[in-house]
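Basis for what follows: all heavy atoms, side chains included, without hydrogens, waters or symmetry-related copies. By convention in this document, chain letters (A, B, ...) are assigned in the order of the sequence lines, proteins followed by strands, and residues within each chain are numbered from 1.
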There are 4 protein chains.
Amino acid sequence: MSVQHHGNRHGRSEEARIAILEAADDLLAERGFDRVTIEGIAARAHVAKQTIYRWWASKTDILFDALIVDADEHFSSPDGGNLRSDLTDHLRQLVAFLTSTDAGIVWRALAGQAQHDETVAARLQTDFTSPQRDRDRAPFLRAQHRGEIAESADIDLAVDKLVGPIYYRVLITAQPVLPEFIDALVEQAVSRDGGRGPVRQIER
Amino acid sequence: MSVQHHGNRHGRSEEARIAILEAADDLLAERGFDRVTIEGIAARAHVAKQTIYRWWASKTDILFDALIVDADEHFSSPDGGNLRSDLTDHLRQLVAFLTSTDAGIVWRALAGQAQHDETVAARLQTDFTSPQRDRDRAPFLRAQHRGEIAESADIDLAVDKLVGPIYYRVLITAQPVLPEFIDALVEQAVSRDGGRGPVRQIER
Amino acid sequence: MSVQHHGNRHGRSEEARIAILEAADDLLAERGFDRVTIEGIAARAHVAKQTIYRWWASKTDILFDALIVDADEHFSSPDGGNLRSDLTDHLRQLVAFLTSTDAGIVWRALAGQAQHDETVAARLQTDFTSPQRDRDRAPFLRAQHRGEIAESADIDLAVDKLVGPIYYRVLITAQPVLPEFIDALVEQAVSRDGGRGPVRQIER
Amino acid sequence: MSVQHHGNRHGRSEEARIAILEAADDLLAERGFDRVTIEGIAARAHVAKQTIYRWWASKTDILFDALIVDADEHFSSPDGGNLRSDLTDHLRQLVAFLTSTDAGIVWRALAGQAQHDETVAARLQTDFTSPQRDRDRAPFLRAQHRGEIAESADIDLAVDKLVGPIYYRVLITAQPVLPEFIDALVEQAVSRDGGRGPVRQIER
DNA sequence: TTTTAAACGAGACGGTACGTCCTGTCTTGCT
DNA sequence: AGCAAGACAGGACGTACCGTCTCGTTTAAAA
């Protein structure tokens with residue numbers, strides 16, 4: 001295990017790489033996306049700007065590196081044996097990730113920037129949204145495999161109904177996503193007459 | 001009837017105001033949010049930078065002005081006599097607004113920027129999200145008044161379930177929001193056993 | 001004695017004129033020429049910018065108005081009966097004017113600006129330098145009239161030798177112009193072997 | 001031998017430095033001091049504004065750099081063996097410098113600005129006036145050394161009398177400084193009965 | 001007596017330049 | 001070869017004044 005150096009001919013400095021990612025993270029949390037600058041990162045990481053430009057194309061590129069590592073690690077897929085339990089578990093993990101982790105802060109910044117920049121949108125799709133969607137579908141797939149739900153079930157629609165309201169609260173209305181809210185979403189997804197509860201037609 | 005002013009004590013130049021809003025709109029559509037600059041707006045509107053700074057605090061402030069006018073005008077509330085019809089109408093208007101209007105482009109830029117800037121988030125809440133939420137609730141309120149749904153119905157939850165998936169598709173997954181998708185959302189909201197359809201439990 | 005008004009068809013407001021001249025003077029003394037601005041003068045004089053532009057072409061134009069009045073009033077021509085006495089009197093007045101009066105501050109600013117701006121140079125020549133030169137020549141002319149000096153005397157050269165060193169000290173070396181210095185200049189001008197004193201050839 | 005640098009850790013770009021000084025010089029000659037702007041210099045020198053601000057504090061600071069080089073080089077001190085000859089030589093050089101060189105244009109602008117700005121005045125004193133005064137005194141010091149004039153001679157006074165009228169003509173009266181004028185000044189400085197000539201008392 | 005026109009305070013306008021910050025590129029000497 | 005350092009050309013920021021303009025008010029001479 002060789003120690004990393006400041007300038008050598010053995011490849012990039014791991015020391016610098018980590019310092020840059022941490023500086024970017026810290027600056028994002030402290031000052032917000034618009035005031036994260038390459039110069040600011042370089043200064044805080046005690047690194048030359050050129051070292052950043054050598055390995056990353058932009059500040060969003062740095063943030064993606066900070067995001068990906070954490071996102072994968074965050075989610076576990078404990079199989080609780082039934083759909084309700086698995087969905088509840090999963091959605092709680094999702095909400096925790098989006099609202100209570102450093103990676104969630106990064107994700108939110110990138111999701112914001114994706115609205116401005118098609119390149120960011122594309123990479124966010126590839127690096128986060130798409131794998132995340134696979135994670136979102138997993139409980140349903142397991143339920144199908146188990147025979148708990150029909151093979152014909154429209155899982156994509158079910159996922160949209162389930163996670164859509166969560167992202168909506170996080171990005172748009174800034175309302176907290178409480179356990180009861182998650183439960184209501186799950187209830188609808190699993191119930192025979194799903195989601196009927198709150199707003200159902202009065203029987204005549 | 002009215003004479004053109006070019007700056008005097010009786011108020012600002014309407015001519016300049018409109019030129020600035022149009023320039024901002026055009027630049028946003030052509031170049032994207034990050035390349036909308038005050039200097040660019042001033043140049044395109046044939047206006048002095050100071051005239052912009054005199055009346056607006058930032059480029060997002062300008063975009064809010066461009067947004068508000070259009071948002072109000074966009075939505076009508078035709079009372080179709082039943083909840084399903086009203087919701088369908090309303091959601092189609094919402095989707096059209098978000099995805100197919102100039103104002104929708106502006107809204108998306110501001111929603112993105114709101115993830116970076118708490119000030120923008122606050123104003124977006126006040127100027128768009130909150131009144132829009134009132135518009136989203138209106139069909140349910142009319143249905144309650146009609147006796148179509150129970151007084152105890154949790155309208156806020158119903159709205160989240162209804163519009164959440166739409167915003168999610170527009171902002172996150174970039175999937176088109178087709179009529180069938182809207183219909184599926186509405187179906188769940190109005191049905192006695194709402195949303196059961198695609199993913200329902202297999203009866204045992 | 002009619003009171004002056006704010007806006008009428010009988011000509012300009014004397015009140016405004018004086019307030020502007022005083023504001024210009026004050027700002028020059030307090031902040032220096034470069035920070036005298038039309039806006040600053042207008043604000044301090046509680047006057048509209050247009051009122052300034054109506055009557056003056058530039059800030060130097062205002063300062064000329066402030067200068068001229070005082071310059072004329074400053075100099076007296078008491079005839080002391082002999083050249084030495086008259087020159088001494090006159091030079092002391094000149095030095096006092098240049099270094100110790102409000103008008104002297106204005107003059108110095110305009111003399112400085114004249115180095116940058118040919119228009120200012122021309123007006124300064126007409127309004128100050130040329131009449132001042134007449135005042136400088138007066139003692140010699142009286143001495144000629146009296147028969148004290150020859151009709152053939154080169155008065156222009158004598159004036160240059162006399163006042164040149166004074167302006168030089170005021171504008172260039174920033175040395176004080178003391179009475180002894182004036183006396184030395186006068187001594188040379190009036191003596192049969194003028195100015196020989198300090199640096200004379202050693203007799204062989 | 002030397003490679004061109006365009007900015008690196010080993011110091012500034014000599015190329016940029018020279019381009020900036022030349023641009024400032026040219027703009028001063030073409031447009032006058034007030035229309036020399038940092039932006040104009042940057043544009044003409046094909047240089048970024050920041051490069052100017054990195055090395056100079058103001059436009060006068062740039063002009064000082066343009067002045068100093070030339071001033072030193074301009075003056076030679078040929079020892080003609082006698083005071084009259086040396087003074088004549090020296091004054092002709094001075095007049096040529098002030099009125100007929102690029103550096104003279106710069107000097108005049110700075111001398112003008114020194115009347116407005118104490119900082120400029122101080123630096124002009126240090127960088128030009130004071131060393132120039134040493135050059136002005138040199139002929140007298142050599143004459144003393146030679147025994148041509150007394151040890152007790154007041155050289156400072158003699159210099160004021162000699163150069164004062166020249167600066168006066170250049171800055172104030174805008175009269176040309178002709179050889180005859182120089183001769184008359186020198187004549188007075190060296191003659192036993194110096195300066196008596198033009199305006200002397202009529203013998204009684 | 002009423003009308004009218006000049007000068008006024010106020011302040012918005014299109015502009016120019018300011019001095020600062022950050023971008024992305026480059027060059028160098030060190031390790 | 002990668003690095004820290006940092007100068008470079010460039011572009012946008014937000015501010016200060018420029019000189020012009022229009023407005024509505026004040027006022028005394030002209031009608």
Side-chain angles (χ1 to χ4, degrees), chain A residues 4-13 15-16 35-40 42-43 45-55 57-59, chain B residues 3-13 15-16 35-40 42-43 45-55 57-59, chain C residues 2 4-13 15-16 35-40 42-43 45-55 57-59, chain D residues 3-13 15-17 35-40 42-43 45-55 57-59:
Chain A
Q4 291 297 333
H5 321 285
H6 293 274
N8 58 50
R9 55 189 314 175
H10 314 295
R12 74 192 283 190
S13 160
E15 199 177 353
R35 296 219 279 266
V36 176
T37 65
I38 300 288
E39 297 222 323
H46 302 296
V47 141
K49 279 165 66 180
Q50 186 56 46
T51 299
I52 299 178
Y53 283 109
R54 186 154 28 230
W55 302 108
S58 63
K59 71 176 179 181
Chain B
V3 175
Q4 287 300 336
H5 315 324
H6 295 276
N8 54 54
R9 76 178 311 183
H10 310 293
R12 62 199 289 191
S13 160
E15 201 178 354
R35 297 220 278 266
V36 175
T37 64
I38 300 287
E39 297 220 324
H46 301 296
V47 141
K49 279 164 69 178
Q50 187 55 50
T51 298
I52 299 179
Y53 284 110
R54 186 151 33 227
W55 302 109
S58 62
K59 70 177 179 180
Chain C
S2 78
Q4 291 297 329
H5 323 283
H6 293 276
N8 58 52
R9 62 183 310 178
H10 314 294
R12 67 195 290 189
S13 160
E15 199 177 352
R35 296 219 279 266
V36 176
T37 65
I38 299 288
E39 298 223 324
H46 302 296
V47 142
K49 280 166 66 180
Q50 186 56 48
T51 300
I52 298 178
Y53 284 109
R54 186 155 28 230
W55 302 108
S58 63
K59 72 176 179 182
Chain D
V3 175
Q4 285 301 333
H5 317 324
H6 294 276
N8 55 53
R9 74 179 312 183
H10 310 292
R12 63 199 289 190
S13 160
E15 200 177 354
R17 196 189 126 260
R35 296 219 280 265
V36 175
T37 65
I38 300 287
E39 299 221 324
H46 300 296
V47 142
K49 280 164 65 179
Q50 186 56 49
T51 299
I52 298 178
Y53 284 110
R54 188 157 24 233
W55 301 110
S58 63
K59 71 177 179 180

Query raised in the report: How bent is the helix from E:dT1-F:dA31 to E:dT31-F:dA1, comparing axes over its five end pairs at each side, to the nearest 10°?
Result: 10°

Requested in this report: Looking only at side-chain atoms of D:R54, point me to the closest of F:dC8, F:dG2, E:dC13.
Outcome: F:dC8

**Report entry** Atom pair CH2/CZ of D:W55 and D:R12 - distance to nearest 0.5 Å
**Finding:** 5.5 Å

Report summary line: Separation of F:dA4 atom P from A:R12 atom CZ, nearest Å, is 12 Å

**Report entry** side-chain N/O A:T51 vs F:dG2 OP1/OP2, d < 4.0 Å
**Finding:** no

**Report entry** 5' priority, DNA chain E, between B:A16 and C:A45 [closest heavy atom]
**Finding:** C:A45

Query raised in the report: In B/S/- notation, 5' to 3', how is nucleotides 20-25 of chain E contacted by protein heavy atoms closer than 4.0 Å?
Result: BBSBBB

Report task. Quick one: pull up NZ in D:K59 and CD1 in D:I38 and give me the separation to the nearest 0.5 Å. Result -> 8.0 Å

Query - Minimal non-hydrogen separation, B:A42 against B:A48, with atom names - result: CB-C, 4.3 Å

Query raised in the report: Looking at residues at least two apart in the chain, or sitting in another chain, which of them share a side-chain contact (heavy atoms from CB on, under 4.5 Å) with B:R54?
Result: B:Q50, B:T51

Query raised in the report: Quick one: C:I52 CD1 to F:dC17 P, roughly how many Å, whole number?
Result: 13 Å

Query - Residue A:W55, side-chain atoms from C-beta onward, closest of E:dC8, F:dC8, F:dG2 - result: F:dG2

